[in-house]
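We count ligands from 1, going down the list as the structure has it; atoms in each ligand are counted the same way.
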Amino acid sequence: MSGCRNLVFILGDQLSEGLSSLEGFDAGKDRVLMVEVMEEATYVRHHPKKIAFIFSAMRHFAKALETKGFCVDYVELDARGNSGSFTDELKRAAKRLKPEAVRITEPGEWRVLEMIKGWEKALGVPVTVLPDSRFLCSRDEFADWAKGRKQLRMEFFYREMRRKTGLLMRGDEPEGGKWNYDAENREPPSGGLFTPKPPRTRIDAITKEVLELVGKRFADHFGSLEGFHFAVTADQAEKHVADFLAHRLKDFGRTQDQMVAGDPYGHHSLLSFYINVGLIDPIDLCRRVERAYHEGDVPLNSAEGFIRQIIGWREYVRGVYWLFMPDYLEMNELEATRDLPAFYWSGETEMACLKHVITDTRDNAYAHHIQRLMITGNFALLIGADPKQVHRWYLEVYADAFEWVELPNTLGMSQFADGGKLGSKPYAAGGAYIDRMSDYCGDCRYDVKKKTGEGACPFNALYWDFLDRNAARLKGNQRLATVYASWGRMKETQKAAYRESAAVFLKGLDALPRYGE
Ligand code: FAD
Ligand code: DLZ
Ligand code: SF4
């Protein structure tokens, strides 16, 4: 029996009908393969909501393709004979379908690209890996941009992307005369802020089945399945886009850095899940944001701030990932080795800020950027946590986490383990910053105003101790000149009190259980 012409292998974060591997698809000759496999669900212990989101979105995508006439071989996790890995499922499919060739769009993760390199030999048929055209900047283009630069900086890359797309440009000049309106985007919370609630997608029969499966098979992973509300189709994701544009974009910029207890979403878009798996086209989204600005519906600081996150940060971190992998994963500039405390997986800590962010994460598989950077990330940085452990935690717990985007954000931006390849300074802060940008300190057992000793906010002493401990590496950093100057002016007795308080706190921390203990 003769087989199919091309077998197009589509991964769980490639759910876009315009995918490069689907170009030229002939329903009479070609087939699509999609597989749910234990290897992907467990290489880190993903949050159950993340697994349910991906499986349900994959099943809906396969169905949508079939409705359009594509022939799809879909292997569910519980299907008889499911071998559990991409490579073995592809081998099984090749036996069934006898393809002349395999086509796949380049994966988001280096780990998977390494797997793919072995497929031609394992299958004995040509395997074509196509560029992922859903990104604005290809891997080669980024490498060209980076070549010869002493330092990579997002801001300069972002300006190139503005010029390339023409987004918020007036000829060669940026709209409003400035490239970046971040200075207007740091308003602290003022209390009683009204945030419109984001939409919730109703659970259909497919999602219900997936939730039962995930509840059964991944009950021991950190995170709650309760209250699942993610969109799982492109049409549903479009409703989330429309809702964001109509109700939250206007105040997105102004409120972007605020953290409010009981309000995990603020005016954030909650679109990263859908963009990252391919249900939303990021550039089309930016064009709609630009239009909302030109129509006078939203201010420039919100429109520019949002567009910068997508064509700036999102594209930039992907470029950094592919430029430096696999070495990037091993970087540990600050030689940090402490285990992450078990409360990262339970939320059981008396530090109210950490408790709020970790319980939000457990419940929603989501926390917004400042929560990730300035609470859980900042604490891990200050205690000197092993960056690989921190990376695994972020990759596990957020539904939008795929290594290409998560790793540079965690290891680079948040932990400074790359020594400044991605960003210019570590994001370290004491209690005063958290108190200014959140309402967490009000119900904390620690006193944010107290610097050292019993009852003092641990972030205060940890902050100075971090700077002191890492002075040899960080003191020469221009962006830290002011804080090191303050440290230099401080009385020795005060410095000793900070060191002592930090040492006592870290000793207590080390006595707490580690994950799995
Ligand atoms: P919004 O605040 O509404 O921002 C709009 C969009 O901009 C996001 O949907 C996202 O696509 C993009 N974006 C914003 N900031 C970044 C950024 N720094 N890098 C890349 N894209 C960005 N983002 C992920 O998509 N996946 C991750 O695994 C991830 N891990 C992170 C880990 C750490 C330690 C930190 C500090 C940040 C991480 N981010 C990650 C970036 C950012 O926190 C999330 O993109 C954002 O919180 C998603 O929520 P949102 O859709 O409501 O974003
Ligand atoms: C994250 C994830 C999970 C949990 N499960 C699957 C799966 O069963 N099948 C699949 O095709 N993709 C899954 N994914 C997404 C992949 O891990 C992702 O496509 C690769 O890491 C490349 O980015
Ligand atoms: Fe966090 Fe310190 Fe504020 Fe408590 S007092 S919430 S530990 S910053």
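Here the side chains of Thr361 and Tyr366 are not in contact, with every heavy-atom distance at 4.5 Å or above.
Polar contact with ligand 1: present for Asn276 (N/O pair, distance under 3.5 Å). In terms of N/O distances under 3.5 Å, ligand 1 is not approached by Tyr394. Taking distance alone, with nitrogen or oxygen atoms compared against 3.5 Å, Ile54 stays at or beyond that limit from ligand 2. The distance criterion of under 3.5 Å between nitrogen or oxygen atoms is not met by Lys50 with respect to ligand 2.
Counting heavy atoms under 4.0 Å from ligand 1, residue Met413 touches it through the side chain alone. The backbone and the side chain of Cys353 each have at least one atom closer than 4.0 Å to an atom of ligand 3 (non-hydrogen atoms only). Residue contacts with ligand 1, taken as heavy atom pairs separated by less than 4.0 Å, involve Phe306 solely via side-chain atoms from C-beta onward. Residue contacts with ligand 1 for Phe273 are absent, since no atom lies close enough (heavy atoms, distance under 4.0 Å).
Scanning the protein heavy atoms around atom 4 (Fe) of ligand 3, the nearest turns out to be Cys444 SG, 2.4 Å. Closest protein heavy atom to atom 3 (Fe) of ligand 3: Cys441 SG, 2.3 Å.
Comparing Arg372, Glu406, Met374 against atom 40 (C) of ligand 1, the shortest heavy-atom distance belongs to Arg372. Distances from atom 20 (C) of ligand 1 to the heavy atoms of His240, Arg314, Arg308 show the closest one on Arg314. Remark: among candidates Thr410, Asn409, Leu373, the nearest residue to atom 17 (C) of ligand 1 is Asn409, based on non-hydrogen atoms. Evaluated by nearest non-hydrogen atom to atom 42 (C) of ligand 1, the leading choice among Arg248, His369, Gln415, His391 is His369.
Close approach to Met351 involves these atoms of ligand 3, each under 4.0 Å from a residue heavy atom: 7 (S). If you number the atoms of ligand 1 from 1 as listed, the ones under 4.0 Å from a heavy atom of His368 come out as 47 (O). For ligand 1, the atoms closer than 4.0 angstrom to any heavy atom of Phe252 are 1 (P), 2 (O), 3 (O).
Contact annotation: Cys457 places an N, O or S atom under 2.8 Å from atom 2 (Fe) of ligand 3.
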